[in-house]
Novice: 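I have a structure I would like to understand better, so I am pasting it below and will then ask my questions one at a time.
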Number of protein chains: 2
Amino acid sequence: MQIGDLSHRTGVSPRMLRYYEDQGLITVGRRENGFREYDDYLVDRVRKIRGLLDSGIPTRIIADILPCLNREQVLVVDADPQLRAVLIDQRDKMEERIAILQHNCDALSRYIKAMERAMTGGRPDEQASS
Amino acid sequence: MQIGDLSHRTGVSPRMLRYYEDQGLITVGRRENGFREYDDYLVDRVRKIRGLLDSGIPTRIIADILPCLNREQVLVVDADPQLRAVLIDQRDKMEERIAILQHNCDALSRYIKAMERAMTGGRPDEQASS
DNA sequence: TCGGACCTTCACATCCATGTCAGGGTCAAG
DNA sequence: CTTGACCCTGACATGGATGTGAAGGTCCGA
């Protein structure tokens, strides 16, 4: 698959696909003519990268943790305590973000529901005791 | 409370506190001498802003949703369908991010556990059937 | 064989969140 | 009254993620 195909399949611009490669997030082969050749599994991988990026995780960190997100048993060979610290740190940060997002997501949902109640002709001052 | 105090209490630099004000995320009073005067409730608000920012939500969006994250019933007066669309959109995006983070967080935890198993002298090829 | 649609690299531009510095006021304690 | 710690504004700098455009190569189909 070449870059345009992957771009269409993931919604990520070719520019960004090259950038991810540059940042060491993906490894890409070349055809004889110099064109990049992308393996199928990269579709998922690129989607995962996008998700992490959208969640505020910088490429530098993604590069660190990405190898640990699949096939875990395969790579545990290098039981580097430094890496371990990084991973634990990142996991904790993720947990914190999840909590924050969950909290705000709930609040938004409540607000949306309140709007709907207000729109569908309900008395505006009626409310669930939160 | 003045800017340095709030900065210490939130871990957010004065520069950023002014920036948030500039972006309309917080409303700040002034003393007679021109110094900013911050209300106590801004400590929580600024922490919330940081959390959302760290989770990849840009100030523009935060400005949109922040008024809806507290005191919901108070503000439902303007049942603007445009706003509703924005809120639903953002809530959905948040849910997606939560799912992504949760997924990766779990994978990280598994990997960390596997590392620990490998370090504490376990046979490296033993594994839980995932 | 030509044209269009793709690819390459490289460079410059942009937006956002942030840092940092300069030039200058405020104020309280010594 | 001076000094140091705070505050103000404004500007310039930076790093990361992204867009865009130029100059050129590849390849397929009319």
Novice: Specify the separation, in whole Å, of atom OH of B:Tyr38 and atom P of D:dC6.
Specialist: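 To the nearest whole Å, that distance equals 16 Å.
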Novice: Would you mind reading off the bend of the helix from C:dT1-D:dA30 to C:dG30-D:dC1 from its two end axes, five pairs each, to 10 degrees?
Specialist: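 Comparing the axis at each end, I get an angle of 10°.
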Novice: In terms of hydrophobic clustering (I, L, V, M, F, W, Y; side-chain heavy atoms under 4.5 Å; direct or indirect links), are A:Val46 and A:Leu69 co-clustered?
Specialist: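 Per the 4.5 Å side-chain linkage, A:Val46 and A:Leu69 are co-clustered.
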Novice: Taking OP1 and OP2 of C:dA17, is either one under 4.0 Å from a side-chain nitrogen or oxygen of B:Thr59?
Specialist: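 Affirmative; the distance criterion is met.
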Novice: A:Leu17 has an atom CG; how far is it from atom C1' of C:dC6, in whole Å?
Specialist: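 It works out to 15 Å between those atoms.
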Novice: Round to the nearest Å and state the distance from B:Gln23 atom CD to C:dT18 atom P.
Specialist: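 Going from CD in B:Gln23 over to P in C:dT18 covers 11 Å.
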Novice: Charged N to carboxylate O below 4.0 Å: is that the case for B:Arg9 and B:Asp40?
Specialist: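 Result for this pair is yes, salt bridge flagged.
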Novice: Taking NZ, NE, NH1 and NH2 as the nitrogens, is one of them in B:Asp64 or B:Arg60 under 4.0 Å from a carboxylate oxygen of the other?
Specialist: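 Salt bridge: yes.
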Novice: State whether a side-chain donor-acceptor pair under 3.5 Å links A:Arg50 with A:Tyr20.
Specialist: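 Their side chains do contain a donor-acceptor pair, which is all the 3.5 Å distance test asks for.
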Novice: Determine whether a donor-acceptor pair (N or O, by modelled atom type, separation under 3.5 Å) exists between the side chain of B:Arg97 and the backbone of B:Ser55.
Specialist: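 Checked: pair present.
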Novice: Rounded to whole angstrom units, what separation is found between the CD atom of B:Gln2 and the P atom of C:dG25?
Specialist: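 Taking CD of B:Gln2 and P of C:dG25, I get 18 Å after rounding.
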Novice: When the distance from OH of A:Tyr19 to P of C:dA11 is rounded to whole Å, what number comes out?
Specialist: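 Result: 17 Å.
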Novice: Tell me if the side-chain of B:Arg18 makes a donor-acceptor pair with the base of D:dT9, cut-off 3.5 Å, by modelled atom types.
Specialist: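 Counting by modelled atom types and ignoring angles, no donor-acceptor contact under 3.5 Å is found here.
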Novice: Could you check B:Leu53 against B:Asn33 and say which one's nearest nucleotide on DNA chain C is further toward the 5' end?
Specialist: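 Closest to the 5' end, via its nearest nucleotide, is B:Leu53.
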Novice: From the list D:dG19, D:dT9, C:dC6, which nucleotide is the closest neighbour of the side chain of B:Arg36?
Specialist: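 Nearest to the side-chain atoms of B:Arg36, counting from C-beta on, is D:dT9.
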Novice: Between D:dG16 atom P and A:Ile61 atom CD1, what is the distance in whole Å?
Specialist: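 One finds 11 Å between P of D:dG16 and CD1 of A:Ile61, rounded.
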Novice: Between B:Asp5 and A:Asp54, who's closer to the 5' end of DNA chain D by nearest nucleotide?
Specialist: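 Checking each residue's closest nucleotide, the 5'-ward one belongs to B:Asp5.
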Novice: Nearest nucleotide by nearest heavy atom, which residue falls closer to the 5' end of DNA chain D, A:Arg15 or A:Glu32?
Specialist: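 It is A:Arg15 whose nearest nucleotide is closer to the 5' end.
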Novice: Among the nucleotides D:dG19, D:dT9, C:dA17, which one has an atom lying closest to any side-chain atom of B:Met16?
Specialist: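 Shortest atom-to-atom distance from the side chain points to C:dA17.
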Novice: Determine whether B:Leu53 and B:Ile62 satisfy the following criterion, side-chain contact (heavy atoms from CB on, under 4.5 Å), listing intermediate values before the conclusion.
Specialist: CA-CA 8 Å; B:Leu53 232 26; B:Ile62 297 180; 3.6 Å; yes
Novice: Once you round it to whole Å, what is the distance between C1' of C:dT8 and CG of A:Asp22?
Specialist: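 So the CG-C1' distance, A:Asp22 to C:dT8, works out to 14 Å.
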Novice: Heavy atoms from C-beta onward define the side chain here; which of C:dT9, C:dT18, C:dA17 lies closest to that of B:Tyr20?
Specialist: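 The closest nucleotide is C:dT18.
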Novice: Less than 4.0 Å between a side-chain N and a carboxylate O, is that true for B:Arg18 and B:Asp22?
Specialist: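 Result for this pair is no, no salt bridge flagged.
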Novice: Contact class for B:Pro58 vs. all strands (heavy atom < 4.0 Å): base, sugar-phosphate, or nothing?
Specialist: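 Sugar-phosphate contact only - B:Pro58 comes under 4.0 Å of backbone atoms but never of a base.
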Novice: If we ignore angles and hydrogens, is there a donor and acceptor under 3.5 Å between the side chains of A:Ser109 and B:Arg91?
Specialist: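 Present: a donor and an acceptor within the cut-off.
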Novice: Between C:dT26 atom P and B:Ile3 atom CD1, what is the distance in whole Å?
Specialist: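 Going from CD1 in B:Ile3 over to P in C:dT26 covers 17 Å.
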Novice: Is any side-chain N or O of A:Arg50 closer than 4.0 Å to OP1 or OP2 of D:dT18?
Specialist: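 So the side-chain polar atoms of A:Arg50 do come within 4.0 Å of the phosphate oxygens OP1 or OP2 of D:dT18, strictly under.
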Novice: Given D:dC7, C:dT9, D:dT9, identify the nucleotide with an atom nearest to the side chain of B:Arg30.
Specialist: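 The nucleotide sitting nearest to the side chain is D:dT9.
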Novice: Taking only N and O in the side chain of B:Ser13, is any of them less than 4.0 Å away from OP1 or OP2 of C:dT18?
Specialist: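 No, B:Ser13 has no side-chain N/O under 4.0 Å of OP1/OP2 on C:dT18.
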Novice: Heavy atoms only, 4.0 Å cut-off, all strands: where does A:Arg31 land among base, sugar-phosphate and nothing?
Specialist: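 Contact class for A:Arg31: none.
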